[in-house]
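See below for the structure under consideration.
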Amino acid sequence: MPELPEVEVVRRGLESWVAGRTVAAAEVLHPRAVRRNVGDLPAQLKDRTLASAERRGKYLWLPLRNGDQEEAEEALIAHLGMSGQLLVVDPLSPVEKHLRVRMGFTDGGLELRFVDQRTFGHLLVAPMAAGRGRPVPEPIAHIAADPLEDAFDDEEFAVRLRLRRTGIKRALLDQSLISGVGNIYADEALWRARLHWARPTETLTRPKIAELLAAVRAVMTEALGQGGTSFDSLYVNVNGESGYFDRSLAVYGRRDEPCRRCGTPIRREAFMNRSSYSCPKCQPRPRNARP
DNA sequence: AGTCGGCCCTGCGAGC
DNA sequence: TGCTCGCAGGGCCGAC
């Protein structure tokens, strides 16, 4: 699960290594990697220039230009899923075991490879959505702005959050409310804000929501500064290197280890068929808990 | 319309 | 040694 910081690390790599280059040929080695694409991806990419590298939440996209066309009408979208990697490598380097898509460029330089062990990630070409505001591709128009974007509206988030009738962690993971937050950073932000994951959203006060948003932004910014989290060595930048924020995690993956604030052993609870880590003392379970 | 559970997929470590 | 099982989990979709 690369989350916002890991995806941003990849975006920066694409911006410096791939933006401005023109695709010579692309090859799809596994159909599942393009399951959401309509049409033939190699044909859609051939001779097109990857204008820049953009991101919203956990989604990446590269606007596609034809020749000297000014406005991109389509984009190549990438989602890394749980184990996807976008690597910039020598075209002659050995093929990775889980290589799904590769593309070479007209300049003959380093090629772009999409490698994905668990195949939850995917690539597709899609039109840009019509409308005001920041241009985004149609398939991700329903995704909310992420908390590091200028377009993110704290006030609107607070209003919509309090209208929900669910637990705070479910809400944080809902990409149509706030994007970019996954299981790791949700747990870390909730610990920082001293909130239990099952706290009903409508009971959160405005100051507490502001505190939580600040915690989300702080943990993501810190992780970005360390190149992201590399929990199982699958999250790497375009050069295959891992970040080291996992050393700074306060609760995620730290079952029975002491809370960095009070020393109480961290607990792990089942949540939505996955895990939630929290401190039993700093984040007591509310009486009106919502799963 | 909002909420929630099931499903997709592979590798790895624990247990037998 | 070699099998099975549980776990890791983001996003989409159907059910209510």
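Below, chain A is the first sequence line, B the second, and so on; all start at residue 1.
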With no hydrogens and no angle check, just 3.5 Å: does a side-chain donor-acceptor pair link Arg48(A) and Thr22(A)?
no
On the nucleotide dG10(C), are OP1 or OP2 found under 4.0 Å from the side-chain N or O atoms that Arg274(A) carries?
yes
Looking at the side chain of Tyr59(A), which of dG10(C), dC12(C), dC9(B) is the nearest nucleotide?
dC12(C)
Answer yes or no: is there an ion pair linking Arg164(A) with Glu202(A), defined by an N-O contact shorter than 4.0 Å?
no
Which whole-number value in Å describes the distance from Gln117(A) CD to dG10(C) P?
15 Å
With a non-hydrogen cut-off below 4.0 angstrom, is Arg36(A) in contact with a base, only sugar-phosphate, or nothing?
sugar-phosphate
Rounded to whole Å, please give me the gap between CG in Leu80(A) and C1' in dG10(C).
11 Å
Measure CD/Glu3(A) against P/dG10(C) and give the value in whole Å, please.
6 Å
OP1 or OP2 of dT10(B) less than 4.0 angstrom from a side-chain nitrogen or oxygen of His98(A), does that happen here?
no
Say whether Gln44(A) and Asn37(A), considering side chains only, have a donor N or O and an acceptor N or O under 3.5 Å apart.
yes
I need the CD1-P distance between Ile143(A) and dG11(C), as an integer number of Å.
6 Å
Tell me the interatomic distance from Phe120(A), atom CZ, to dA8(C), atom P, rounded to whole angstroms.
13 Å
Cationic tip of Arg261(A) above Trp191(A) ring, under 6.0 Å, 45° of axis:
yes
May I ask you to check if Arg285(A) and Trp197(A) form a cation-pi contact, with NZ or CZ under 6.0 angstrom from the six-membered ring centre and within 45° of the axis?
yes
Just to be sure I understand the rule, does Arg268(A) reach a base, reach only the sugar-phosphate, or reach nothing, if contact means heavy atoms closer than 4.0 Å?
sugar-phosphate
Candidate nucleotides dC12(C), dC9(B), dC4(B), ranked by approach to the side chain of Thr119(A) - the nearest
dC9(B)
Of the listed nucleotides (dG11(C), dG10(C), dT10(B)), which one gets closest to any side-chain atom of Gln175(A)?
dG11(C)
Between NE2 of His79(A) and P of dC12(C) the distance, given in whole Å, is 7 Å
Would you kindly give the CG-to-P distance between Leu161(A) and dG2(B), to the nearest whole Å?
14 Å
Verify the contact: side-chain N or O of Ser275(A) to OP1 or OP2 of dA8(C), cut-off strictly under 4.0 Å; return yes or no.
yes
Using a heavy-atom cut-off of under 4.0 Å over every strand shown, decide if His30(A) touches base, sugar-phosphate, or nothing.
nothing
May I ask you to verify if any side-chain N or O of His142(A) is less than 4.0 angstrom from the OP1 or OP2 atom of dG11(C)?
no
Among the nucleotides dC12(C), dC4(B), dT3(B), whichever has the atom closest to the side chain of Thr166(A) is dC4(B)
Within 45° cone of Phe114(A) ring axis and under 6.0 Å: Arg100(A) NZ or CZ:
no
Suppose we call a contact any N or O donor and acceptor under 3.5 Å apart; does that hold for the side chain of Arg160(A) and the base of dG2(B)?
no
Reckon Phe271(A) touches a base, only the sugar-phosphate, or nothing at all at heavy-atom distances under 4.0 Å?
nothing
Starting at NE2 of His122(A) and ending at C1' of dG11(C), how long is that distance when rounded to a whole Å?
8 Å
Please tell me if Lys97(A) has a side-chain N or O lying less than 4.0 Å from either OP1 or OP2 of dT10(B).
no
Phosphate-side-chain proximity, Arg118(A) and dG11(B), N/O vs OP1/OP2 below 4.0 Å
no
